[in-house]
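The structure appears right after this line, and notes come after that.
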Amino acid sequence: MLLHPLQLNVAPTPKPKMPSPERLRALWPDIRELIIPRRGLLAAGFALMLVNRVAGLVLPASTKFLIDDIIGKGRGEYLTPLLIAVVSATLLQGGTSFALTQLLSKAAQRLIAELRCKVQAHIGRLSLRFYDSNKTGTLVARIMTDVEGIRNLIGTGLVEFAGGLLTAVLSLAVLLRISPLMTGVTLVFILLFGAALQKAFSSIRPIFRERGKINAEVTGRLTETLGGVRVVKGYHAESREEDVFAAGATRLLNNVLKSLTATSAMGLSANVLLGIVGATVMAIGTRQIWAKQITLGDFVTFTAFMAFLIAPVAQIVAIGTQLTEAIAGLERTREILHEVREDEDPTRTAALPPIEGHIVFDNVSFEYEPGKPVLKQISFESKPDTVTALVGPSGSGKSTIIGLAAAFYKPGGGMVSVDGVDLATARLDTFRTQIGVVLQDTFLFDGSIRENIAFARPGAREEEILEACRIARVDEFAERFEAKYDTIVGERGVKLSGGQRQRVSIARAILANPRILILDEATSSLDSESEALIQEGLKYLMRNRTTFVIAHRLSTIRRADQILVVEDGRIIERGDHDSLYAAKGRYWDLYTRQHGLEANLFLAPGEGDDPPERGRAA
């Protein structure tokens, strides 16, 4: 039975093993890093909050004086000053609320933008091993979504929560002065509810962590679907992708519903608590009024301040949920930021000068997964101004060899060196700037032709860009466009043909002027006419460089200085085209089979009698 792509991880995420205090201690350095640079801002926010909360207590505090003195004793001369004080306090409360929102909410949004940039920059410098095990869409979700909840740590959420606690403390002092008995009963109910809340939040936190995981998976699959829309439509798979997304959206919905059930239950409990406490206070307060232990004004003031005491408990349900979500997002962000960047590898200390490009593989082995070797004791040498071609069946290890030569990976055994320096110790910023890559799957950004070519050297002069375009024959189609080199190519270059995209990619490599050049089926997307047009460009590009070529179309590598036949992670044959063809081994078998197939498909009757002489020159 086939598993649904978004149903592979349907088991709920287990509860974190660390207790909440330990998790908070683990996160404290990250939280501190966020708070310390903004301590002045937060201090101003807390000051505004203090004024806001004190001003908010003026109205309930005035009720006792209004009822017992102004109304009860007929002291009307105090009514106007009381009303002025209440209106002034209300205006002050409103003004500080506005200032608080403007100050902290905007600061929180700036922090979110900073964190997104920080996470994106960090992810961009992680090794290819990280990308091999993470979907692009998942990483997009980690960058854009996980940091959203942080606004509740720096924004008004945390300050409002602290303000609620401050109001509760001030209210408690007033309540104890009015009636210790009613206050004690109220506190008992609140403490019992607080214990229940602590347990509830420990169970709801994993739900938010699971939500982040599901959201990343759904976003990842959606990104793949939209990016591969031509494949989806080509196989009439729209309905299947609708089902895939619907399944993911349903998982996300179920998670949200689960969290809503939990938070709604806590909200219900808070309302029940308010009702029970209110009824209890009414019963005790009535008897104390009858016994003349408190006045009517005392009772009204008590009920008003009791609301301020209970409100933070109800507020915990809303703000506590937000803070829990923020902590879950911070944990996921922390996981990403604690991944070791390529340029932070302590073993990479060797700064390379301008290199000649002498590459040596010395008994190199490699595996992506433990126990599953991909390369087995590979040894060869590529000298400057030579072309090394890699041929062999798919999955034989050709791309891995290229990846090691570009320092995308480190060998598991043996050594790859450039000009005698172990590549595993070379600083990547001094090596990668001296290599150029033309891949089979040409990638172009959604910008102009000029911008895509200048990506190799953003500071290149216009004449240098145009020269690269001329050599790669980009000018032959770019000049026909209305906007010429400012023509927008669309996402992944969709507005250009495959051959045009490949020529732009080659022009980009020419502009980079690398010492080491990697061509992964550089002419695979070209028809015969286009390929013939850029052969001279490729010949120019490979001049005076160390070039690696992966080729499935063997006719394109006949002039390579050495050809390595790779199979099952080993080099089984090596030599130039003539020697390997004359040996009639594996290379001869691959070449004659492929050339015979090409002859049958493309040549007119009577052509193709001499396979070795009909290949295209590289």
Side-chain angles (χ1 to χ4, degrees), residues 121-134 336-390 392 395-439 456 509 512-520 545-550 562 564 566 568-571 574:
H122 188 85
I123 288 178
R125 294 182 179 273
L126 295 179
S127 69
L128 283 184
R129 281 189 179 273
F130 176 82
Y131 288 90
D132 291 341
S133 56
N134 289 277
I336 288 288
L337 293 178
H338 281 225
E339 291 281 345
V340 179
R341 298 178 3 170
E342 276 187 315
D343 52 8
E344 292 177 346
D345 188 338
T347 63
R348 292 192 176 277
T349 57
L352 296 178
I355 61 175
E356 293 181 7
H358 188 180
I359 300 288
V360 176
F361 276 62
D362 184 11
N363 206 32
V364 171
S365 298
F366 183 82
E367 53 188 30
Y368 292 102
E369 298 178 29
K372 297 180 179 179
V374 178
L375 297 181
K376 307 164 188 175
Q377 295 156 348
I378 296 289
S379 295
F380 67 90
E381 179 181 13
S382 293
K383 296 180 179 180
D385 196 21
T386 64
V387 177
T388 298
L390 304 171
S396 60
K398 302 185 299 296
S399 295
T400 302
I401 292 175
I402 293 298
L404 290 169
F408 292 152
Y409 305 100
K410 285 185 175 182
M415 183 177 71
V416 180
S417 65
V418 55
D419 295 351
V421 178
D422 185 356
L423 260 186
T425 67
R427 277 176 39 188
L428 294 175
D429 60 331
T430 62
F431 176 67
R432 295 256 180 88
T433 54
Q434 303 188 68
I435 68 173
V437 181
V438 180
L439 300 175
N513 192 27
R515 292 303 308 148
I516 297 174
L517 176 66
I518 295 172
L519 303 175
D520 184 356
R545 312 179 200 281
T546 305
T547 304
F548 291 91
V549 179
I550 293 180
Q562 66 172 335
L564 306 178
V566 184
D568 193 27
R570 299 181 185 276
I571 297 176
R574 69 182 73 206

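The basis for the numbers below is simple: all heavy atoms, side chains too, and nothing from hydrogens, waters or symmetry mates. Note that the coordinates shown come from a computational prediction; the quantities given were computed from them, not determined experimentally.
- The nearest pair of heavy atoms linking V438 to A509 is CG2-CB, 3.6 Å.
- Pairs of residues two or more places apart, or lying in two chains, never qualify as side chain to side chain donor-acceptor pair (under 3.5 Å) while including a residue from residues 416-425.
- Taking each heavy atom of V549 and T547 in turn, the nearest pair found is CG2-CG2, 3.8 Å.
- The shortest non-hydrogen separation linking A426 to L352 is CB-CD1, 3.9 Å.
- Closest non-hydrogen pair, A350 versus T430, comes out as O-OG1, 4.0 Å.
- Residues L375 and S365 have side chains not in contact (no heavy-atom distance under 4.5 Å, counting atoms from C-beta outward).
- Looking only at side-chain heavy atoms (C-beta outward), V418 and H358 stay at 4.5 Å or farther from each other.
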Task: Audit row: I378, F366, side-chain contact (heavy atoms from CB on, under 4.5 Å) steps and yes/no - done: CA-CA 9 Å; I378 296 289; F366 183 82; over 6 Å; no
Which donor-acceptor pairs under 3.5 Å do the side chains of residues 401-415 make with protein atoms, sequence neighbours left out?
residue : atom : partner : partner atom : Å
Y409    : OH   : D132    : OD2          : 2.9
K410    : NZ   : D345    : OD2          : 2.4
K410    : NZ   : T347    : OG1          : 2.8

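- Panel note: side chain R348, backbone L428; no donor-acceptor pair is recorded below 3.5 Å.
- Annotation: R125, atom CZ; neighbour count of heavy atoms from other residues, nucleotides and ligands within 6.0 Å does not exceed 12.
- When all heavy atoms are compared, the tightest approach of R129 to E367 is NH2-O, 3.2 Å.
- Classification of K398 and D520 as a salt-bridged pair fails, no side-chain N sitting under 4.0 Å from a carboxylate O.
- Side-chain polar atoms of T388 and Q562 form a donor-acceptor pair below 3.5 angstrom.
- The side-chain heavy atoms of L564 and F548, taken from C-beta on, include no pair separated by under 4.5 Å.
- Side-chain contact between P354 and R515 is absent, with no heavy-atom pair separated by less than 4.5 Å.
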- [ ] Test I123 against E339 for side-chain contact (heavy atoms from CB on, under 4.5 Å), laying out the working first.
- [x] CA-CA 8 Å; I123 288 178; E339 291 281 345; over 6 Å; no
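- The shortest side-chain heavy-atom distance between V387 and L519 does not fall under the 4.5 Å cut-off.
- For the ring pair (Phe, Tyr, Trp, His ring centres under 6.0 Å) test, residues two or more places apart in sequence or in another chain that qualify with F361 are F380.
- Within 6.0 Å of the CD atom in Q434, the count of heavy atoms belonging to other residues, nucleotides or ligands exceeds 12.
- The CZ atom of R545 sits 10.0 Å away from atom CG of D385, with the distance rounded to the nearest 0.5 Å.
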